[in-house]
Amino acid sequence: MINIPKGTKDVLPYESYKWHYIENIVREITQKYGFLEIRTPTFEHTELFLRGVGETTDIVNKEMYTFIDKGNRSITLKPEGTAGVARSFVENGLSENPQPMKMYYITPVFRYERPQAGRLREHHQFGVELYGSDSPYADVEVISVAKNLFNALGITELELNINSIGCPVCRAEYNKALKEYLKEHIDGMCATCKERLDKNPLRILDCKEERCKAVNVNAPRVIDYLCDDCKQHHESVKSILTSLGIQFKVNPNIVRGLDYYTKTVFEFVSTSIGAQGTVCGGGRYNNLVKEVGGKPTPAVGFGMGIERLLMVLEALNLGVGAPEIPSVYIAPLSSDQMLDAYKLVAELRSKNVSADTDIMGRSLKAQMKYAGKRGYAYVVVLGENEINEGKAKIKIMATGEEVAVELNKLAEEISRR
RNA sequence: GUGGGUAUAGUUCAGGUGGCUAGAAUGCCAGAUUGUGGCUCUGGAGGUCGUGGGUUCAAGUCCCACUACUCACCCCA
């Protein structure tokens with residue numbers, strides 16, 4: 001037997017409705033906010049992610065699905081959603097559309113990692129991108145989409161953490177201070193942190209090792225080194241959120257693992273789905289568009305893991321919609337009525353009534369069992385008498401009661417109920 | 001890349017100290033005097049016991065290796 005590749009998942013026929021439930025709510029909310037869907041390819045030139053995501057990041061260093069295609073091009077399956085959107089924005093001159101550009105996507109993303117609870121090699125992200133505004137209101141707009149989505153799904157337990165990692169100017173200043181501090185304490189820290197000291201000291205703050213945590217407690221914090229512009233931006237974001245009643249916690253240790261972030265970074269975290277609790281992560285990335293070859297354009301956005309979102313819904317026992325079942329089942333009494341039943345079903349379908357019939361050649365009893373198990377709301381038995389008289393009975397499965405109906409009015413009768 | 005746990009029907013699991021054709025529940029299919037589901041009853045299909053070695057008269061059961069799954073680290077959605 002050939003089995004499924006490691007870290008991937010099938011969405012099976014009896015659970016796909018849960019995905020539809022989430023996707024429908026996503027489209028409802030983005031529509032309300034005026035975001036338009038953008039669809040970019042599943043793979044891009046590797047170069048895009050090297051430039052966009054950053055060469056020192058773990059994602060680029062060890063987690064990308066990269067291969068050489070038959071034309072000798074280096075191709076990579078997208079490890080996140082933002083870089084492709086930035087590429088498309090530049091390539092299609094979207095900066096010449098009315099600004100801001102508000103876009104969203106739902107896409108598979110691929111990372112070569114060891115799978116565990118809440119972590120797959122292929123997972124799906126819903127993401128939002130807002131291009132063209134450097135205002136703190138844009139940050140809030142984006143956070144608000146996520147917040148609203150959670151509300152619509154009935155999720156209230158997620159904690160919003162926010163931080164600011166500054167712009168290149170103040171970050172350089174801060175990096176210097178941080179490095180100096182860390183150099184004095186590096187001997188007591190773990191091996192990976194020692195390596196990170198030169199390449200990306202910011203990441204050290206995120207280390208989970210006890211001895212490193214101990215050092216980090218007293219480390220200089222980015223927030224204290226923000227330049228006036230970044231500081232003001234951060235303060236504004238916080239005060240607007242507060243005014244809107246969106247609760248948050250400032251967490252000086254959140255440092256996103258992608259290099260393109262500037263100023264605001266945030267995440268929504270769950271405590272009920274295991275170690276991988278980040279359901280939504282995002283922030284501002286004012287340098288990304290320039291980095292991939294466009295003119296400098298401020299941008300904010302987030303990515304949200306749909307599988308993790310489903311895990312939260314399940315853990316909290318929240319509704320996830322219902323299986324989609326046709327409403328009426330036409331049961332031919334014997335194989336003599338199969339064609340008539342099939343014609344009737346065709347007519348119902350053409351009149352926008354979802355209908356089904358026997359294609360197994362089964363006994364009436366077996367058909368009734370099947371209809372009961374699948375959950376059809378109505379069953380109509382079609383025998384010789386019904387066909388000759390043009391009349392039948394609609395059996396209401398939930399109660400067992402039967403109501404008479406003329407066959408040529410069946411569609412109207414079903415849609416009326 | 002590093003650690004821990006687990007591997008027996010489609011699914012969830014039983015199978016002390018090795019011993020006759022490997023079980024249950026559930027699901028699936030069929031039937032219970034031939035025009036009606038959900039309850040009940042009967043029957044049926046379905047397993048190279050993860051794979052490969054080894055010990056033994058005999059291995060699902062003991063030993064070794066491999067693989068897969070899983071949780072955690074790392075990192076992230």
Side-chain angles (χ1 to χ4, degrees), chain A residues 1-9 12 14 53 57-63 78-82 106-127 146 158 190-193 195-196 200 203 206-210 212 254-258 265 267-270 273-282 301-312 329-334 336-337 358 360 362-386 392-402:
Chain A
M1 188 183 67
I2 298 170
N3 40 20
I4 196 168
K6 187 193 270 282
T8 62
K9 273 237 156 50
L12 298 172
Y14 286 106
V53 177
T57 61
D58 278 9
I59 290 181
V60 168
N61 270 326
K62 41 187 207 192
E63 296 174 4
K78 55 164 95 161
E80 51 85 63
T82 297
I106 296 175
T107 183
V109 303
F110 307 86
R111 289 179 205 168
Y112 191 87
E113 304 184 85
R114 285 285 290 272
Q116 71 185 73
R119 195 174 68 189
L120 298 163
R121 289 188 171 179
E122 179 190 32
H123 75 276
H124 296 78
Q125 285 191 17
F126 155 56
L158 296 183
C190 72
T192 38
C193 280
E195 261 177 58
R196 287 191 274 222
N200 204 335
R203 203 77 49 67
D206 221 15
C207 191
K208 309 287 188 300
E209 288 234 10
E210 281 310 319
C212 301
I254 64 168
V255 180
R256 319 249 67 241
L258 300 88
V265 291
E267 45 190 51
F268 284 87
V269 183
S270 166
I273 57 170
Q276 309 299 320
T278 302
V279 175
C280 171
F302 67 71
M304 189 181 294
I306 297 182
E307 283 85 351
R308 286 187 190 173
L309 195 56
L310 277 168
M311 287 171 79
V312 171
Y329 182 91
I330 308 298
L333 187 57
S334 76
D336 292 343
Q337 285 82 36
D358 178 49
M360 297 275 282
R362 283 199 274 214
S363 70
L364 179 60
K365 189 157 188 142
Q367 293 185 62
M368 290 304 294
K369 269 191 188 169
Y370 172 75
K373 270 183 285 209
R374 291 261 347 237
Y376 296 89
Y378 312 107
V379 170
V380 175
V381 175
L382 209 59
E384 222 175 324
N385 299 341
E386 283 79 4
K393 284 178 184 156
I394 300 174
K395 176 157 185 170
I396 299 158
M397 294 299 274
T399 61
E401 72 180 299
E402 297 189 316

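The basis for the numbers below is simple: all heavy atoms, side chains too, and nothing from hydrogens, waters or symmetry mates. Naming convention: chains lettered A, B, ... in sequence-line order (proteins, then strands); numbering from 1 in each chain.
The distance from atom CG of A:D58 to atom P of B:A77 is 12 Å, rounded to the nearest whole Å. Across the protein-nucleic acid pair, A:R111 atom CZ and B:G1 atom P stand 19 Å apart, rounded to whole Å. Between A:R119 atom CZ and B:C74 atom C1' there is a gap of 7 Å when expressed in whole angstrom units. The separation between A:Q276 atom CD and B:A72 atom C1' is 9 Å, rounded to whole Å. At whole-Å resolution of the value, CD1 in A:I254 and P in B:C75 are 15 Å apart. Following rounding to the nearest Å, A:N3 (CG) and B:A68 (P) show an atom-to-atom distance of 9 Å. In this structure, A:I59 places its CD1 atom 13 Å from C1' of B:C74, rounding to the nearest Å. With rounding to whole Å, A:K62 atom NZ is found 11 Å from B:C74 atom P.
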Parsed dot-bracket for RNA chain B after applying the Watson-Crick and G-U rules with both distances under 3.5 Å and | for other-strand partners is (((((((..((((.....[...)))).(((((.......))))).....(((((..]....))))))))))))....
For nucleotides 33-52 of chain B, give me one character per nucleotide, 5' to 3': B if any protein heavy atom sits under 4.0 Å from the base, S if the only such contacts are to the sugar-phosphate, - if neither. --BBBB--------------
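Across every non-hydrogen atom of A:H123 and A:G305, the tightest pair is CD2-CA, 4.5 Å. In this structure, A:S270 and A:L158 approach most closely via the heavy-atom pair CB-CD2, 3.3 Å.
Using a cut-off of 4.0 Å between Lys/Arg side-chain N and Asp/Glu carboxylate O, A:E307 and A:K9 are scored as not salt-bridged.
Comparing the same atom, P, in B:G5 and in B:C66 gives a spacing of 15 Å after rounding to whole Å. Here, B:G18 and B:C57 have their P atoms 15 Å apart, quoted to the whole Å. Rounded to whole Å, the separation between the C1' atoms of B:U12 and B:U21 comes to 26 Å. Nucleotides B:G52 and B:U42 place their P atoms 38 Å apart, quoted to the nearest Å. Straight-line distance between the C1' atoms of B:C49 and B:G15: roughly 10 Å, to the nearest whole Å.
Residue A:Q116 places no side-chain atom within donor-acceptor reach of the base of B:C69, judged by atom type and a 3.5 Å distance cut-off alone.
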Check: protein-nucleotides 3-10 of chain B nitrogen or oxygen pairs below 3.5 Å:
residue: B:G3; atom: O6; partner: A:R114; partner atom: NH2; Å: 3.3

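Checked by atom type and distance alone, the side chain of A:R308 pairs as donor or acceptor with a backbone atom of A:T278 at under 3.5 Å.
Side-chain N/O atoms of A:K6 include one lying less than 4.0 angstrom from OP1 or OP2 on B:C69.
Contact annotation for A:L120: base contact, defined as any heavy-atom pair under 4.0 Å involving a base atom. Counting any heavy atom pair closer than 4.0 Å across all strands shown, A:R362 reaches sugar-phosphate atoms only and no base atom.
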